[in-house]
Structures are given as structure tokens and as C-alpha cells.
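Structure first, then comments.
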Protein chains: 2
Amino acid sequence: MIDWSDLHHFLALAREGSLSAAARGLGVDHVTVARRVAALEASISLKLVDRRPRSYALTEDGQRIAAIGAQMEETAFAVERAARAAKPELDGEISISAPPSLANILIAPKLMQLRRRYPGILIKLIGEKRTASLSRREADLALRLSRPTQPGLIARKIGHFEFGLYGAPSYLKETPPYAFAFIAYDASMDDTPQQQWLTEIAGTRQIVLRTNDLENQAAATRAGVGLAALPRFLGDTDRRLERCDTDRKPVSREVWLIVHNDLRRAPAVRAVAGFLEDCLR
Amino acid sequence: MIDWSDLHHFLALAREGSLSAAARGLGVDHVTVARRVAALEASISLKLVDRRPRSYALTEDGQRIAAIGAQMEETAFAVERAARAAKPELDGEISISAPPSLANILIAPKLMQLRRRYPGILIKLIGEKRTASLSRREADLALRLSRPTQPGLIARKIGHFEFGLYGAPSYLKETPPYAFAFIAYDASMDDTPQQQWLTEIAGTRQIVLRTNDLENQAAATRAGVGLAALPRFLGDTDRRLERCDTDRKPVSREVWLIVHNDLRRAPAVRAVAGFLEDCLR
DNA sequence: CGATCATTGTGCAAAATCTCACAAGACAGT
DNA sequence: ACTGTCTTGTGAGATTTTGCACAATGATCG
């Protein structure tokens with residue numbers, strides 16, 4: 001009989017691509033992963049990986065096995081979700097994945113309300129651009145700016161926000177519009193509505209700073225580097241930023257609340273979901 | 001993250017119903033199962049079993065989790081089959097499940113031929129009435145007398161055999177037909193063709209011995225207890241048994257060779273399957 | 001070209017896990 | 001009522017597994 005733990009370690013290796021990455025994911029030492037993979041190979045007497053000097057590469061057999069095993073991982077996560085959903089108590093740690101700006105400005109400041117109402121619930125707020133996988137239980141709830149297509153996930157539109165064009169008050173006073181400089185995301189965000197909106201407004205005028213991080217954009221704008229497209233929930237509450245009118249129709253984005261179907265009914269998850277709705281209203 | 005080994009132990013407990021049985025199945029001590037189940041409960045902070053004085057009973061949550069996990073076991077076996085099928089060598093242990101009579105009389109005597117042709121293949125011959133589960137890898141190949149319906153299994157009819165009515169030569173000589181006594185299976189086999197055939201022949205005459213085991217029937221017949229319906233491959237080769245004609249059309253049964261779809265192409269399995277076909281021809 | 005970073009491999013001590021032996025209790029058959 | 005069998009529970013020793021520190025090697029970047 002196959003040792004399930006060996007299989008788990010091997011599947012992590014197959015997914016992550018290296019011993020070290022798999023070990024990090026599993027929270028063990030890389031040596032352990034190496035040993036368990038070796039043990040699995042021995043137990044089924046089949047070579048699953050090619051041990052190249054600097055990397056582990058799956059053999060053909062290894063890929064086949066990993067492909068089948070992937071379904072096992074799926075089910076393991078389903079078990080985990082079922083366990084979580086079965087808890088009737090309003091406690092435990094609930095993790096929320098959200099874009100950093102939403103997390104910092106709209107959610108974090110109001111967290112105390114949630115703590116007061118549900119003292120048993122611990123919140124883990126993950127502000128990251130990369131969309132966390134709810135299926136892998138990297139987060140229980142997620143806020144995203146577009147509707148995900150993945151099956152098994154429930155998405156509900158819980159709000160929207162507009163972008164505005166902002167500059168530092170002094171900058172706007174001293175600079176003639178034809179000389180405006182602009183601050184934008186880098187090329188990886190070129191297909192987002194707010195980026196297109198900004199580049200259209202900029203026209204032939206220069207984009208002098210590109211940064212992935214919205215907070216960086218805001219900071220640069222405050223410092224008088226130029227004009228940036230910022231969410232109004234960020235810009236309107238900051239006196240060091242001033243919104244300037246444009247003739248373009250303002251762009252807005254929807255905010256979706258995502259929860260895995262299996263977790264939808266868990267009381268703690270419902271409570272936090274309700275809180276997030278309030279935050280976005 | 002859930003420990004897959006814990007889950008495995010819990011699922012074994014859920015399926016077997018007791019610590020000891022699960023431990024036997026897994027090849028570990030019962031204490032280990034108890035500890036791992038407790039560890040799983042602790043890690044998801046959910047009560048999965050009720051520890052009654054003499055038994056472990058699944059809670060509702062435990063049943064839910066076990067139901068989901070069953071699919072995980074399925075997949076684990078699929079991995080095992082894939083591993084086995086991937087081996088290109090003609091070696092390893094192949095287990096065959098077959099009705100005891102077939103195993104003893106038609107297969108076992110010819111096993112040396114197989115050993116000579118494929119010295120690397122070790123055979124495990126399981127002669128049992130209970131049909132082994134090929135999906136759970138209790139056997140690699142199975143011979144059965146009817147076509148199974150379970151999905152994932154490949155069935156091929158590889159032969160058939162007739163039943164005859166046998167008695168000891170002296171018994172047939174000394175006993176007038178109206179006084180014949182009969183030997184049959186017990187009531188659990190009443191719906192098999194050979195049993196119905198025998199009871200029709202017996203008519204109002206007495207059935208003096210009922211036994212599940214065909215070898216017992218044969219032994220009793222040789223000893224002059226009465227007449228039994230025996231496969232001709234058994235009766236015709238035994239000089240202590242004599243077949244007597246009946247006016248009824250003789251009954252015959254088909255022999256099916258069953259193999260799991262995933263294992264069909266494994267060389268060692270193919271080799272043994274071919275051997276079994278030869279045995280039945 | 002050199003420095004830094006990330007990868008895998010090895011030996012040993014520490015920690016966790018398992019098994020074993022025994023105990024206590026329930027149930028069945030005699 | 002009594003043995004025999006099958007449960008689960010407890011504690012201690014032995015085995016296995018793991019983690020750590022270090023080494024070696026290749027890749028990347030300035």
C-alpha cells in the first residue's frame with residue numbers, strides 16, 4: 001500500500017518544481033521531501049524524478065502519477081473545506097485575500113468593528129496582487145475586481161468604485177496642463193480599464209513613472225511627480241491630493257466577493273462576508 | 001494543512017468500523033490508528049468519532065468527511081494502478097482471485113508452466129467465494145462466473161464449463177434411482193443455475209447434505225452420501241466419481257476474466273491473463 | 001569575472017512516532 | 001457462570017523520522 005504522506009510530498013514537488021519550494025509549501029525541510037520522494041519511488045519501484053545536479057525533473061511516469069494525484073489534492077482540500085464548514089462556532093481564523101489598496105484603506109481601518117462583534121474570529125488579511133487560490137485554501141474569502149470563472153466558486157458583486165485623476169495641490173497650481181507628467185502602472189497592467197483611461201488622458205504627454213504598487217503611485221503624486229489615476233476612496237480622503245476634472249467619462253471597477261461553495265454556509269465565513277459587504281457599501 | 005497520513009488512517013477506520021480492523025488493514029498497531037484519528041480531530045478541531053466503551057462510532061461530521069475522503073481513497077488506488085501499469089518489466093507479484101474450485105483444479109496444477117515462461121512473475125492465488133474488489137487492488141485479475149457491472153473493469157468471456165450429476169460408482173450400482181439422496185449448496189446459492197438444476201432433478205427426493213464448499217460436496221459424494229452437481233472438469237477426472245445421465249439439459253456456466261482498465265496494458269498482467277485463458281480453454 | 005543567491009546532498013543529534021506488552025471491559029457460546 | 005475472543009486504553013522502550021548545519025554546485029546579475 002502506498003504511503004499517503006509520501007504521495008503528498010511527491011505531489012508538492014511535482015507542483016512546485018523543486019525540493020526547496022515544495023518543502024516551503026509543506027512546512028518541512030527540503031531533505032524530508034527528498035527522502036519521502038525516494039521512499040515513494042522505492043515502494044512502487046518506479047523512477048519518478050530525474051535527479052539533475054541542480055533540479056528535480058519529473059520522468060514521464062512521474063508526470064502521469066502526478067496528474068492522477070492532482071485529483072487527490074483536490075479532494076484533500078475539499079475535506080479541509082468540509083471540516084471548516086462543519087464548525088458551528090463563530091471562531092477560528094478567516095483569511096481574506098484582497099488587492100492591497102482595498103485591504104489597506106477600506107478594510108483594515110474597520111477591522112475593529114468586526115473584532116468587537118465577533119471576538120472569536122481571527123482575521124488574516126492578505127493584501128497581494130496575485131489572486132489567491134480559494135480552491136487550495138490559500139484564503140477563505142477574496143475580493144477581486146473581476147468575476148472569476150473557476151467552477152466551485154461563488155461570486156457576488158458587492159460594490160464598485162471610481163477612479164479619479166489626482167495631483168498634489170501645489171503641482172496642479174504651478175503646472176500648465178500641457179506640461180502635465182503622468183504616473184502609471186507598468187506594462188503588465190496595460191489591459192486594465194484604469195490604465196487605458198489614464199493613457200488616453202495623457203495622450204502625447206509623458207509618463208514619467210511606472211510602478212506596480214498603487215501606494216507608490218499615491219506617494220509619488222503627493223510628492224509632486226505628476227498625475228496618477230487613483231481610486232476615489234483613496235484620493236478623496238487625502239488632503240495632500242487634489243482631484244482634477246477631465247472631459248473623459250470616469251472609469252469605475254466592480255468589486256466582487258468570492259467564496260468557495262463549500263464554505264458559503266460556515267457561520268464564521270458568513271459573518272466576515274457580511275462585514276466585507278459593509279466595508280464596500 | 002491536513003496530514004494525509006492522518007486522513008488515511010481515519011478513512012480506514014471509517015470503512016472498517018473498528019480500530020483493530022482498520023489497523024489490520026493498514027498493517028499497523030491499533031494504537032497508531034487511535035492516535036492518528038485523534039491527531040486529525042485536533043488539527044481540524046472537529047469531533048469525528050464518538051468513543052464508546054467498546055466501539056468507535058462516526059459522528060455526523062465524521063460521516064460527511066469520510067464520504068468525501070472515500071473519493072481520495074479511490075484516487076490513491078488509481079495511482080497505485082498507474083504505477084503498476086507503468087512498469088515495463090515482466091515481474092512483480094500478480095494476484096488472481098478465483099472461485100476455489102477453479103483455482104484448485106484448473107489453475108494451480110498448471111502454474112509451473114507460467115513460472116517457467118515468466119520466472120520474474122510471482123503469483124498470489126486467492127481462492128475465495130467473496131468476489132475480491134479489483135478497484136481496491138485486492139487482486140489484479142479475477143475469474144468470475146458472471147459478468148460484473150462495475151465501471152472501470154474490463155470483462156472477457158474466456159470459457160465455460162458444464163455441470164454433471166455425479167455419484168460414487170458403488171452408490172450408483174446399489175441404489176435404485178427413486179431412492180437417490182442429493183447433496184447441494186446451502187440456501188444462499190439457491191439462485192445459481194446449478195443449484196436450480198439439481199433441485200429440479202431431485203424433485204421430491206431428499207437433499208441430505210447442504211454445504212457451501214464444492215470440495216466438501218465432492219468428498220461426500222465419493223463417500224457415497226448421495227448425488228451432487230459438480231463441474232465436469234472436477235468429476236470427469238476422478239475415478240471415484242461416476243457421472244449419471246439425466247433427461248434434463250445439462251447446465252453450464254460461463255467463465256469471465258476480469259481486469260481493471262488501468263492494468264490492462266501492464267505486461268505482467270497481460271502475460272498472466274493469457275495464461276488464464278489457456279487454462280480455461 | 002566575481003559575488004550572491006538558490007538549489008540539492010551528507011552526517012549526526014534530537015524529536016517524534018510506532019510497536020509491544022499488558023490491562024480492562026463487553027459479548028458469545030458452552 | 002465461565003472461558004475465549006474481540007474490542008479499546010495506557011505506559012515505556014525502541015525504532016524511525018526529522019531538522020539542522022554545512023558543503024558543493026550551478027545560475028544570475030552587476
Side-chain angles (χ1 to χ4, degrees), chain A residues 1-59 61-63 65-66 76 130 186-188 210-212, chain B residues 1-59 61-63 65-66 76 130 186 212:
Chain A
M1 182 136 24
I2 286 182
D3 182 302
W4 285 28
S5 232
D6 289 349
L7 202 50
H8 192 193
H9 284 78
F10 167 69
L11 292 172
L13 169 65
R15 179 163 31 77
E16 301 290 344
S18 82
L19 285 187
S20 313
R24 275 191 295 274
L26 294 169
V28 297
D29 199 274
H30 68 95
V31 216
T32 303
V33 180
R35 280 192 281 239
R36 296 213 89 121
V37 170
L40 178 63
E41 286 185 322
S43 79
I44 62 180
S45 48
L46 207 62
K47 200 154 170 291
L48 297 174
V49 292
D50 280 328
R51 288 162 179 81
R52 308 268 313 160
R54 180 156 180 60
S55 68
Y56 268 45
L58 294 190
T59 63
D61 290 334
Q63 289 175 17
I65 302 275
R130 185 179 69 86
D186 68 17
S188 69
R210 287 181 173 276
T211 170
N212 250 335
Chain B
M1 180 138 22
I2 287 182
D3 183 303
W4 283 29
S5 230
D6 289 349
L7 202 50
H8 191 193
H9 285 78
F10 167 69
L11 293 172
L13 169 65
R15 180 162 32 77
E16 301 291 344
S18 82
L19 285 187
S20 314
R24 274 191 296 274
L26 294 170
V28 297
D29 199 275
H30 67 95
V31 198
T32 303
V33 180
R35 275 194 287 247
R36 296 213 87 123
V37 171
L40 178 63
E41 286 185 320
S43 78
I44 62 181
S45 50
L46 207 61
K47 201 154 168 292
L48 297 174
V49 291
D50 280 328
R51 287 160 182 81
R52 310 265 313 159
R54 181 158 178 59
S55 68
Y56 268 44
L58 294 190
T59 64
D61 290 336
Q63 289 175 18
I65 301 275
R130 184 180 70 86
D186 67 18
N212 250 333

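If you're wondering where the values come from, they're calculated on a predicted model, not measured in any experiment. Reminder, nothing fancy here: chain letters follow the sequence lines and each chain counts from 1.
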**Request:** Measure the distance from CZ on A:R35 to P on C:dA15 and round it to the nearest whole Å.
**Result:** 16 Å

**Message:** From CG of A:D50 over to C1' of C:dT8, roughly how many Å is that when rounded to an integer?
**Reply:** 15 Å

**Item:** N or O in side chain of A:Y56 less than 4.0 angstrom from C:dG9 OP1/OP2
**Value:** yes

**Item:** Donor-acceptor contact present, side-chain B:D50 to main-chain B:R52, <3.5 Å
**Value:** no

**Request:** Give the first and the last nucleotide of DNA chain D, reading 5' to 3', that has any atom under 4.0 Å from a heavy atom of chain B.
**Result:** D:dC6 to D:dT10

**Message:** Need one value for B:T32: base, sugar-phosphate or nothing, where a base atom within 4.0 Å counts as base even if backbone is also close, heavy atoms only.
**Reply:** base

**Request:** Using a 4.0 Å heavy-atom cut-off across all strands, classify B:R52 as base, sugar-phosphate, or nothing.
**Result:** nothing

**Prompt:** Which residues within residues 19-29 of chain B lie with some heavy atom under 4.0 Å of an atom in DNA chain D?
**Reply:** B:L19, B:S20, B:R24

Nearest 0.5 Å, what's the [atom1]-[atom2] distance between [X] and [Y]?
X: A:L13; Y: A:R36; atom1: CG; atom2: CZ; value: 13.5 Å
X: A:E16; Y: A:R24; atom1: CD; atom2: CZ; value: 8.0 Å
X: B:S55; Y: B:L19; atom1: OG; atom2: CG; value: 9.5 Å
X: B:I65; Y: B:L40; atom1: CD1; atom2: CG; value: 7.5 Å
X: A:L58; Y: A:K47; atom1: CG; atom2: NZ; value: 11.0 Å
X: A:I2; Y: B:H8; atom1: CD1; atom2: NE2; value: 9.5 Å

**Request:** Output yes if the stacking criterion (under 5.5 Å between centres, under 30° between planes) is met for A:H30 over the base of C:dT8, else no.
**Result:** yes

**Message:** What verdict does the side chain to side chain contact (heavy atoms under 4.5 Å, CB included) test give for B:H9 and B:V28, after you've listed the backbone C-alpha separation in whole Å, the side-chain angles of each residue and the deciding distance to 0.1 Å?
**Reply:** CA-CA 10 Å; B:H9 285 78; B:V28 297; 4.3 Å; yes

**Message:** Which nucleotide wins on minimum distance to the side chain of A:R54, given the candidates C:dA6, C:dC27, C:dG9?
**Reply:** C:dA6

**Message:** Can you give me the bend angle of the helix from C:dC1-D:dG30 to C:dT30-D:dA1? Use the axis through the first five pairs and the one through the last five, nearest 10 degrees.
**Reply:** 40°

**Message:** Could you check whether any side-chain heavy atom of B:W4 comes within less than 4.5 Å of a side-chain heavy atom of A:L11, counting everything from C-beta outward?
**Reply:** yes

**Request:** Taking the side chain as every heavy atom from C-beta outward, state whether A:E41 and A:V49 have any atom pair closer than 4.5 Å.
**Result:** yes

